[in-house]
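Below is one structure; the comments refer to it alone.
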Amino acid sequence: MQQKYNPHVIEREAQQYWDASGAFRAREAPGKRKYYCLSMFPYPSGKLHMGHVRNYTIGDVLTRYHRMKGRNVLQPMGWDAFGLPAENAAMANSVPPAKWTYENIAYMKSQLKSLGFAIDWSRELATCQPGYYRWNQWLFLRMLEKGLVYKKTGVVNWDPVDRTVLANEQVIDGRGWRTGAMVQKRAIPMYYMAITRYAEALLAALDKLPGWPDRVKTMQANWIGKSHGVRFCFPYDLSGGKAAGTNLPLPQPSSHALLPKGEGAPERGTGAPVSGDVTVEAHVSTRANSALHPAPGSHPSTIRSEPAPPSAGALEPPLSFWERGGGEGSRGAGGEGGSSETQATEKGLLWVFTTRADTIMGVTFAALAAEHPLAARAARDNPKLAAFIEECKRGSVMEADLATIEKRGMPTGISITHPLTGQPVPVWVGNYVLMAYGEGAVMGVPAHDERDFHFAKQYGLPIRQVINAQTADAGAFTTDQWQPWYESKNGVCINSGKYNGLGYHEAVEAIAADLKAKGLGEKQVLWRLRDWGISRQRYWGTPIPIIHCQGCGDVPVPDRDLPVVLPEDCVPDGTGNPLAKRPDFVNCTCPKCGKPASRETDTMDTFVDSSWYYIRFACPDSTRTMVDGRAEYWLPVDQYVGGIEHAILHLLYSRFWTRVMRDLGLITFDEPFANLLTQGMVLNEIYFRRSDNGRMVYYNPAEVEAKAGEDGNRDAILKADGQPVEAGGIGTMSKSKNNGVDPQELIDRYGADIARFFMMFTSPPEDTLVWSDAGVEGAARFLRRVWAFAERKNEVLKWWSANPTLVRWEVGNTEKAATVRREVHANLKQANYDFGKFQFNTIASAAMKILNTLEDLDRSPGPEANVNVHVFVLHEGLGVLLRLLSPITPHISHCLWRELRYGEDVLAAPWPEHDPAALIEDEIELVVQVNGKKRGDVRVPRDADSRAIERIVLADPAVQRHVNGQPVKKVVVVPGRLVNVVV
RNA sequence: GCCGGGAUGGCGGAAUUGGUAGACGCACGGGACUCAAAAUCCCGCGGUGGCAACACCAUGAGAGUUCGAUUCUCUCUCCCGGCACCA
C-alpha cells in the first residue's frame, strides 16, 4: 500500500476499474426498485464552472447512496447543445457552431469523467443530434394536429443584440435574459404552444408535489397567476344618440369566456361542468382563423399563416387578451397586434375585469390603456389625446422603471353607461393601464383602489366611498389621504343601494348575478400565463418542420421526411438567419402539390430541447419511436437536481410537455420530477474599475487583495499594480463580471475527492454559496488523515479480515472501545438521518467525527484494553467510515476498501446501518438545571426511575447551592436528557 | 406593495418533536518535533468580570407562551430570491 495519499494515482485507477467493469451501466430490472437521479444537463459552453461541480456532486452523492441502499439506479448525462452562445462563438472565431459545440462537449465530458461521477455514459445524448431533435419536430407536428401548436402574427419581444424573439419568460425587467439589452416590440409571425390550455392542471397539480420546495411551487403558482373576478362591460354609443340601454343582448359566451381549458375531469378540482367550458381553441378557431387552429383530433394538411380579419359586429366586445395573443407581447406593453384587428365602433361595450366587483357602485371613471381601440377612436379627432397616447406607447416600451413613473391620464370625452346604475361614466386614458393584461381597460374606483385614488385626486375625479370598515381602529374615511383599509375585503357595502350591508363575498355574488341577468357580465377567471412562443430567428436550433408553398400555404413536413436536418457547416456572420442564405436548405418541393416551395427557416426555442430530454434518457437509442416502454420503468425522475434559477421556465415547460406527451398516449405519468432539489447559486466577489471612457473593467478576485479597512469598509487593491479597485459586492460567477473560479484548478491541485468533499462540506446544498477556498485545506487534511490511518492499521486490519470470528462484540463491554463504538454508531445514525434531509455538510462532519474517535482509541486504548475488542472496533469503525464516505469521496473509499480487504468493490457493499445495541449505556449522563439554567450534570443508571433521579439530583452539591434552601416547586425529568429543578 | 426564504463566534456552519447554544471544520494563538522550514501532532479559542472555583451576558431588535425558546406566537428591523401600476 502506498504510504502517501496520492489522489491522482488512485483516482485514475478507480475510474479505470469502473470503466472496465461497466459499473454505472443502468439496466431495466422490472421488480427491482429503481432510482432515477438526474442533474440538469449542462449547456456545453466550454468548460465546467463551479455551479456544475456543485450540482453534479450533489446528484452523484445521492446516486451512489441509493445504489448502496439497494436501488437500481440510473444517472445519465447529456448536453443542452443548441443555443445562442454557439452562434456568438462562431461569429467571433469563424467556426461552425457545430464544431465548437462538439469540441466543448468532448472537453467537458473529460472533466466530468475526471470527477468520477457514476454516470451511465452509454445513454449520453446531445440535443443538436438529428436523432434527438427529429422528435422535437415529430411532437411539434402532433401538437399542430391537436391544435396545441398554432401560428399567429403578433407583437413579440425583440432582442436587438441577439436579433431574436424572446419568450415572455425570457424578458427580465424589460431586458433580454441573455444580453441584458432593452427589448423592443416587433410584429412577426410565429408558432405558439398552447401551454395555457394546461394552466389549471399545472396549477392544481402543484399540491401533489410534496417533494418539491415550497418556494419553487409558489413561484410557479405566481407565474401561472390565476385570479378570480368578474368580467363585465359598460355600454356606450358614440353616434350622438343616447347611450345604449342596459338591455343589450350579450354577445355569446364563446367570444369571451376564454378560460383555458383544464385537462380531463379527474384533474379538475372545481367540478365545474366540462360542457360549460369554452376552450381556447374553440374560441380562436371562431375568432382568429379557423383553418389555423383545427379542432383537436383533426388532421389538416395545410395551415394558413395569416389570421383572417375578424368580423366587426356592432356589439362585439373588444378582443380579450387571449385572442389578442398577449402571449407574445412583453409584459407591461404589447397588444399592438390587437388594435389592427379591432376597430372601435360607434356603439359597443367596454369590457373590464375586476377582482373587486363589490366596489362596482363606487365607479366614478374608467381608464383605458393607450393601445386600447376605443382610445384610438377617441383620438381620431383629438390631436392632444393622440399625442398623449403616442407618448404613453413610447414610454411603455422603454421601461424598467415603469413602476415608479407618475400616474398620468387624459380624458377622452367619451361617456359610457354604468351597467347597474345607468349613470354616465367618463372614460380616460391612463398610463398605468396595461393592454396586455385583462381587457386593457379598468373600472376606476378611487375610494377603494390606491392607484385609482391617486389618479382621481390628481385629476379631480369624484371619490365615492362604498365600503366601510368593520374594525373600529380603521379610522374614518377621508378623501384627503389614502389608508390601507380602503382596499380591505373585510368591510361591508354602503352607499350601494340594494347591496348595502353585504360583505365581500355576498356582494360579489349578488353583483355578478345581476350583471349576468342583464347580459352585461359574469364571473370569470383570469390567468397571467401566456402561450409559449417557440419560433426563433436563429440558426443553431431545431428546424421547424414546415414548408411554405405558394399554392398550398404552410404545409407540415410529412413524418416520413423527418428529421428536417440542420446543416452543420454554417458559419453565422451576425446578419440575419444564416439558414435563409442556404438554398440547399430552403429550396424544396411541396409535399402536397409537388411544386417548388421553401422551407421554414425559424428554429425552435431551446427550452423545447430541455423539456423532455429526461424521458429520452430512458431509451436514447430508440430510432423508430420518440420513447418506448423503458420510459415507463425509469420515469418519473425520482430526484431532480439543479439550480434555483430554473424554478419557472424549464420546470414549467417540462411539466407542460409531460402532460402533452401523456395526452398523446406516449407515456402514462403526469409529473416528470417526483422530487426536486434546488441547489443554491455559487457567488463570488466583484471588483472593477471605471475607465476614462466610462466602461467598466472587471478584475478577477484572484487578482485582487482585499483588506478590512479601519472604518469597516473593505479596501481592495489590484495585486499587479498595487492600486485600489472598487468592490462591486457579491454576485453569481459570470464571464461578464470576470469573477468566475475555474474548478479545474482545484481538481488539478487536489484531485476529485478533495474537491467533492470540500464542496459538500462547506455548506448545505440549497444555500447560496459565496465562494472561498479557505476550507479546502481542511478537506485535504481530512482525507490525508483517513489514508494515513488506514495505512497505519493496514496489517492488523488485514489480519482481522482473515480471522473475522475471533471475538464478537458483547453489549455491556466497559472498555474505552465501547465508548468509541458507541460514538461511531451514534454518528452513523445521525448521518443516515441527514441523508434524508440532503444535509451533506453534516454527513461529512459525521465522517470526521468517526475518524477522530477512532484515532483517539488507537492512540490511547485505555488501561483495560483487550486487543481483540480494540481491533474489532477499529475494523468495524473504519468499515463504516469508508462506506459513509464513498458517495462523497468514491475514489479513496474504493481504493481503501480493497487494500484493507473489506471486499472487492465498495459499490457492492451494503450501506451501513447503526447497531441500536451499541448505543445503550449502563449509566447515562443527565444535564441538571435549576430554574432552566444549567448547573451541572449527574450520572445515573440507565433504568433509574424519576423518583430515584430526583433524589440523586437534589442531593447534588451544585443543586443544593443554587436551591439555597428555597422550597422546590417541582422537578421536571426529561428521560435520557435532563432534569430541571424549579424553585 | 405582495409572496417565499433567511439573520447563530473572526469565517463556513451545527443543534432531529421546545431540553447542555456554538458540533465539525477554517482562521488565529501557544507548545512538541526539526539545525531550520514545510508537513504532522498536542493544547487553547463567543463576550465581560475573576488568580481561580465560578458568576453574569449572549442565537438581528422588542414582547409573549413555557419549568425551559436558536426552535412556537405577535410586532419590528435588515438581507436574499420571486412577482408587480395584475385591475
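Computed from a predicted structure; not experimentally measured. A, B, ... follow the sequence lines: proteins, then strands. Residue 1 opens every chain.
Considering only side-chain atoms of A:R528, the nucleotide from B:C24, B:A84, B:C3 that sits closest is B:A84. Across B:G25, B:G4, B:A87, the shortest atom-to-atom separation from the side chain of A:R785 is found for B:G25. Closest contact between the side chain of A:N431 and the listed nucleotides B:A84, B:U20, B:C85 involves B:C85. Checking B:A23, B:G82, B:A87 against the side-chain heavy atoms of A:T354 singles out B:A87 as nearest. Between B:U20, B:U40, B:C85, one nucleotide has an atom nearer to the side chain of A:L978 than all others, and that is B:U20. Listed nucleotides B:C67, B:U16, B:C83 differ in distance to A:Q830; the shortest reach to its side chain belongs to B:U16. Which of B:C26, B:C42, B:A87 sits closest to the side chain of A:V442 comes down to B:A87. Taking only side-chain atoms of A:R451, from C-beta outward, the nucleotide of B:C86, B:C42, B:A15 with the closest atom is B:C86.
The CG atom of A:N852 sits 5 Å away from the P atom of B:G25 (whole-angstrom rounding). Here the C1' atom of nucleotide B:A84 and the CE atom of A:M219 are 14 Å apart, to the nearest Å. A:R781 places its CZ atom 10 Å from the C1' atom of B:A39, with the value rounded to the nearest Å. Rounded to an integer number of Å, the gap from CE of A:M681 to C1' of B:G5 is 13 Å. With rounding to whole Å, A:L851 atom CG is found 13 Å from B:G25 atom C1'. Remark: C1' of B:G5 and CD1 of A:I644 are 10 Å apart, rounded to the nearest angstrom. Atom CZ of A:F782 and atom P of B:G13 are 20 Å apart (whole Å). Taking atom CG on A:D856 and atom P on B:C42, their separation rounds to 9 Å, with Å as the unit.
Contact check on A:R784 versus A:E791 returns no salt bridge, with no Lys/Arg side-chain nitrogen under 4.0 Å from an Asp/Glu carboxylate oxygen.
Proximity of A:K933 to the phosphate of B:C57: a side-chain N or O atom is located under 4.0 Å from OP1 or OP2. Between B:A15 and A:K837, a contact under 4.0 Å exists linking OP1 or OP2 to a side-chain N or O.
With A:D531 contributing its side chain and A:T196 its backbone, the two residues share a donor-acceptor pair below 3.5 Å. The main-chain N or O of A:P446 is never found under 3.5 Å from a side-chain atom of A:D452 such that the two would form a donor-acceptor pair. With A:R655 contributing its side chain and A:L202 its backbone, the two residues share a donor-acceptor pair below 3.5 Å. Looking at A:T762, its side chain never comes within 3.5 Å of a backbone N or O of A:M759 through a donor-acceptor pair.
A:V445 comes within 4.0 angstrom of no nucleic acid atom, judged by non-hydrogen atoms across all strands. As judged by a 4.0 angstrom heavy-atom cut-off over every strand, A:E777 is placed among residues making no nucleic acid contact.
When both distances must be under 3.5 Å, the Watson-Crick or G-U wobble mate of B:G4 is B:C80.
Between A:F761 and A:S845, the shortest heavy-atom contact is CE1-OG, 3.5 Å.
Side-chain N/O atoms of A:N980 and base N/O atoms of B:C67 include a donor-acceptor pair closer than 3.5 Å.
Relative ring orientation between A:F455 and A:Y459 is described as tilted, the plane-to-plane angle lying within the 30° to 60° band.
Nearest-nucleotide assignment on RNA chain B puts the 5′-proximal partner with A:V216, out of A:V216 and A:T355. Heavy-atom nearest nucleotides on RNA chain B were determined for A:H962 and for A:R215, and the one closer to the 5' end corresponds to A:R215.
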Run the ring pair (Phe, Tyr, Trp, His ring centres under 6.0 Å) check on A:W771 and A:F758 step by step: do they pass? CA-CA 11 Å; A:W771 179 254; A:F758 170 64; 5.8 Å; yes

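A glycosidic torsion no more than 90° from 0 defines the syn conformation; B:G60 lies beyond that range and is anti.
The line from CZ of A:F453 to NZ of A:K457 is 5.0 Å long, rounded to the nearest 0.5 Å.
Non-hydrogen atoms lying under 4.0 Å from RNA chain B are contributed by A:F761, A:T762, A:S763, A:P764, all within residues 753-769 of chain A.
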